[in-house]
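No hydrogens, no waters, no symmetry mates; every other heavy atom, side chains included, goes into these values.
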Amino acid sequence: MHQHIKSCFYSAVFGVVFLFVSSCSEGTKPDFSGWEVAGGNATLNKYSTLDQIDTANVHLLEIAWQYHTGDADTAAHSQIQCNPIVVDGVLYGTSPQLKLFAIDAATGEEKWTYSPFETIEGDRESHFGLNNNRGVAYWTDGKGTSRIFFGAGPFLHAVDADTGKPVETFGVNGRKDLHDGLGEEFADLFITNTSPPSVYKNLVLSGTRVSEAMDAAPGHIRAYDVHTGEIKWMFRTIPRAGEPGSETWDDQEVLKWTGGGNNWMGMTIDHERGIAFVPTGSAAMDFYGGKRTGSNLYTDCLLALDAATGKLLWHFQYIHHNTWDWDPSSAPVLVTVNKDGRDIDAVAQTTKTGFVFVFNRETGESLFPIKEMPVDTDTELEGEKLWPTQPFPQKPAPFVRQSFTEKDINPHLSEEEYEDVRQRLASYKTGKMFMPQSKQGTVIFPGFDGGAEWGGPAFDPTTGLLYVNANEMAWILEMWEAEEEEEHAITYKEAGQALYQQNCMACHGADRKGSGNYPTLIGIDARYDAKAFTEFIEAGRGMMPAFRHLADEEKEAIAAYVLNLQDDLKKPFQRREASPIEAFRKLPYNISGYNKFLSKSGNPAIAPPWGTLNAINLHTGEHVWKTVLGEEAWLKSQGVEETGTENYGGPAITKGGLLFIGATKDGKFRAFNKRTGELLWETTLPNAAFATPAIYEMGGKQFVVIACGGGKLGTKSGDAYVAFALPDNVRNQ
């Protein structure tokens, strides 16, 4: 049914674009020949004007060099998600253990490394799975002083770009604690930054990643002095009572404790206008909003902020009162769109739901119609109050499917598995987007990871085409009633189970086997005794927050339950009265975990394609072509070719007519004809590349480099950056 997924739109639509572009003067185009910013340049369009490698010779690419970081951790499923940058012949990137390195961009020879951690302790699997780095930022005063900024752990680090030594004058010994400025009540909560910060003049702007449960810190946006780390301005994404935006929260009392609304996906700065475009995620917790009713500004928004002062210029809210974890999926892209014969500087945002929003950068006006459409608000969850409408852009059309019904069940399942999936699907809430969460189970599709994901799209300024890779995987979410506390005396076993359900089950599952990207706790008793485990949850690691808000006895009860310490489980547990913030964090429901909708044998319940690559004309809002991205070995062996796979990491495009992308779990690196979607070249990497490639030139030679870290989707971890180039005899012809 998907054998003809490639579209025939190209000949009709792209021809119009070509005629438009051919009238433009080459001299008026900006220079996109370097890769000094993660995402290629300040617009984050991932476009390179280099054309030495083109559609005619791309099949001759060979490995030019490989750099091995030497710190992969296969047992803990380490990853590399970094899009490296190249400045003055030096390539800067990060390793699986978040070491910053500088290498010769022509040879891969190491110059220096900087380690933000002395050791990686505690739950290594959680650390490597969830405390990743997707890029770094470069700053120079133009007088010989240059710095690299990047996030690792709860700190923003500043490192001398020439020596690899920490900049001692920045923050404390070269690092700024990302908790600073948030308030004492959030000082012990999980916080980090996985996306590259953004540099504007002498400021470095940073978002954060925070917990997605009720123990989340607020995601306020901050700008730091590049020299000292002093906070120069802060924009509150969760407003205080009485501040603008607070009127969209029914109970302003909860604003002092509510977290989330964070910019985990990075931001984009229009340097000419001095505007920072900052997408934000949902408020905590992600799937139940009974304690935060209202539309919840400034969460799930695109914020246009004055980059110098943090003043709000305009905003647009993508989802009102989000309870589906459908955050904007990446930093937006700065584009120029021709509408009605007039060029408009715009900002384009792709989303997990498969939408593309395009706004005038200065006014926030949408370039295509957006309709507020009624959605289902019938919820059985106590206290929940879903918003009655959501914004649906009318163009471009969604680039992924947005519903899962019986006709969408995977036809390649066995008869028995197909019937099992059919019966399970019939028991869930499904059929359209924005279905309310439920006790029976709700199909989340597009899934928690998109649609579009954190790799972000690419944009060709010469044609107006936006390229976006996407996932099409269904997930299941069930809401479980939290157990009420008993009046009678209880044991460590009862207390530990209740505390586990309240604090741990959402990530590690009711059976403690893990879910989604969260690790299993089965067998953890072989690595920890009660004392070590209690110290571990006291400190936190990776995405797991530090549970310092729990009393010692509560942490001991969780340890006894998780480690199955029989003697401790029988001990009597002494209850204590909850503080106001603890009472706020206690919810009437727990989630069943981050669980994909799979067959009994672990194959997708939904029919392919599971990964796609899409080209969309932003001048017209029309789709130009669509093709699958990746292949599943178990189906390819049966002659089923066009399946696609889940994918993470974005595309990069060139003037030479090419689109390069890794991203797939099959471990391939591919080059497509960007005009038609035709696959021109592919090679097998040493490990899967869940990262975005970078394109640059050294000594007259064009390179394409990508990080091959593996570790996701069951793939083996790796430690290599691999650079490709044409053979010298071809290049010199």
Please check: side-chain N/O of D327 versus main-chain N/O of S282, any donor-acceptor pairing under 3.5 Å? yes
Has T692 got a side-chain atom pairing as donor or acceptor with G650's backbone, closer than 3.5 angstrom? yes
So do the side chains of E582 and W257 get within less than 4.5 Å of each other, counting heavy atoms only? no
So OG1 of T268 and CG of L205: to nearest 0.5 Å the spacing works out to 11.5 Å
Please examine the side chains of F186 and V210, heavy atoms only from C-beta on, and report whether any two atoms are closer than 4.5 Å. no
For S330 and P457, work out which heavy atoms get closest and say how close. OG-CD, 3.7 Å
Looking at side-chain heavy atoms only, is the closest gap between P116 and L98 below 4.5 Å? yes
Closest non-hydrogen atom pair between G174 and P166, with its separation: CA-CB, 4.2 Å
Closest non-hydrogen contact found for R292 with M285 is NH2-O, 2.9 Å
Please find the pair of heavy atoms, one from A663 and one from G649, that lie closest to each other, and give the distance. CB-O, 3.4 Å
Under the side-chain contact (heavy atoms from CB on, under 4.5 Å) criterion, do F459 and I653 qualify, and how do the steps go? CA-CA 8 Å; F459 177 76; I653 54 177; 5.7 Å; no
What residue among F150, F117, F170 forms ring-ring contact (aromatic ring centres under 6.0 Å, His included) with H157? F150
Using modelled atom types and a 3.5 Å cut-off, is there a donor and acceptor pairing between side-chain atoms of Q349 and backbone atoms of P279? no
Hey, does the side chain of S48 reach the backbone of I695 with a donor-acceptor pair shorter than 3.5 angstrom? no
What heavy-atom pair brings S329 and T350 nearest, and what distance separates the two atoms? OG-O, 3.2 Å
Pair F277-F359, ring-ring contact (aromatic ring centres under 6.0 Å, His included): steps then yes or no: CA-CA 11 Å; F277 296 99; F359 304 102; 9.4 Å; no
Side chains of Q81 and T194: closer than 4.5 Å at any heavy-atom pair? no
Determine whether N202 and W139 satisfy the following criterion, side-chain contact (heavy atoms from CB on, under 4.5 Å), listing intermediate values before the conclusion. CA-CA 8 Å; N202 287 331; W139 171 88; 3.2 Å; yes
Please check if the number of heavy atoms outside E365 that lie under 6.0 Å from its CD is greater than 12. no
Near-ring test F235/Y298, centroid separation under 6.0 angstrom: yes
Just by distance, do the side chain of K256 and the backbone of R240 share a donor-acceptor pair under 3.5 Å? no
Between E247 and G245 (side chain of the first, backbone of the second, donor and acceptor by atom type, cut-off under 3.5 Å), is there such a pair? yes
Considering all heavy atoms, the nearest V159-V167 contact: C-CG2, 3.9 Å
Are side-chain heavy atoms of P461 and T336 found at a separation under 4.5 Å? no
Given the rule in the side-chain contact (heavy atoms from CB on, under 4.5 Å) test, do Y114 and D160 qualify, once you have shown the distances and angles that lead to the verdict? CA-CA 10 Å; Y114 163 78; D160 187 293; over 6 Å; no
Return yes if some donor-acceptor pair links the side-chain N/O of N262 with the main-chain N/O of H220 below 3.5 Å, else return no. no
How long is the straight-line distance from CZ of R147 back to OG1 of T140, given to the nearest 0.5 Å? 10.0 Å
Polar side-chain atom of D104 near backbone of E110 as donor-acceptor pair, under 3.5 Å: no
Please verify the inter-ring angle class for W324 with W326; under 30° counts as parallel, over 60° as perpendicular, anything in between as tilted. parallel
Taking the inter-plane angle between the rings of Y67 and F101 on a 0 to 90° scale, is it parallel (under 30°), tilted (30 to 60°) or perpendicular (over 60°)? tilted
Quick check: are there more than 12 heavy atoms from other residues, nucleotides or ligands sitting under 6.0 Å from CG of D88? no
Has K712 got its NZ or CZ under 6.0 Å from the middle of the six-membered ring of Y648, at an angle within 45 degrees of the ring axis? yes
Taking the side chain from R222 and the backbone from L178, do they hold a donor-acceptor pair closer than 3.5 Å? yes
Evaluate the criterion side-chain contact (heavy atoms from CB on, under 4.5 Å) for residue pair F357 and S366; output intermediate values, then yes/no. CA-CA 7 Å; F357 291 86; S366 177; 5.9 Å; no
Among L182, L156, I191, whose side chain to side chain contact (heavy atoms under 4.5 Å, CB included) with T208 holds? I191
Measure the CD1-OG1 distance between I148 and T94 for me, rounded to the nearest 0.5 Å. 11.5 Å
Any side-chain heavy-atom pair of Y721 and C82 under 4.5 Å: yes
Are the side chains of L305 and L312 in touch, meaning some heavy atoms are under 4.5 Å apart? yes
Measuring from atom CD1 of I344 to atom CZ of R361, what distance do you get when rounded to the nearest 0.5 angstrom? 11.0 Å
Report yes or no: do H227 and D225 form a side-chain donor-acceptor pair below 3.5 Å? no
N687 side chain vs S717 backbone, donor-acceptor pair below 3.5 Å: yes
Under 3.5 Å, is there a donor-acceptor pair linking the side chains of N471 and D449? no
If I take atom CG from residue L297 and atom CD1 from residue I238, how far apart are they, to the nearest 0.5 angstrom? 10.0 Å
For Y47 and Y467, I'd like to know if the aromatic rings sit close, meaning centre-to-centre distance below 6.0 Å. no
Hey, what's the ring geometry for W112 with Y92, parallel, tilted or perpendicular (30° and 60° as the breaks)? tilted
In Å, rounded to the nearest 0.5 Å, how long is the span from CD1 of I80 to CZ of R134? 14.0 Å
Within-4.5 Å side-chain heavy-atom neighbours: L618 and V356: yes
For Y318 and F316, take the angle between the two ring planes, folded into 0 to 90°, and tell me which bin it lands in: parallel under 30, tilted 30 to 60, perpendicular over 60. perpendicular
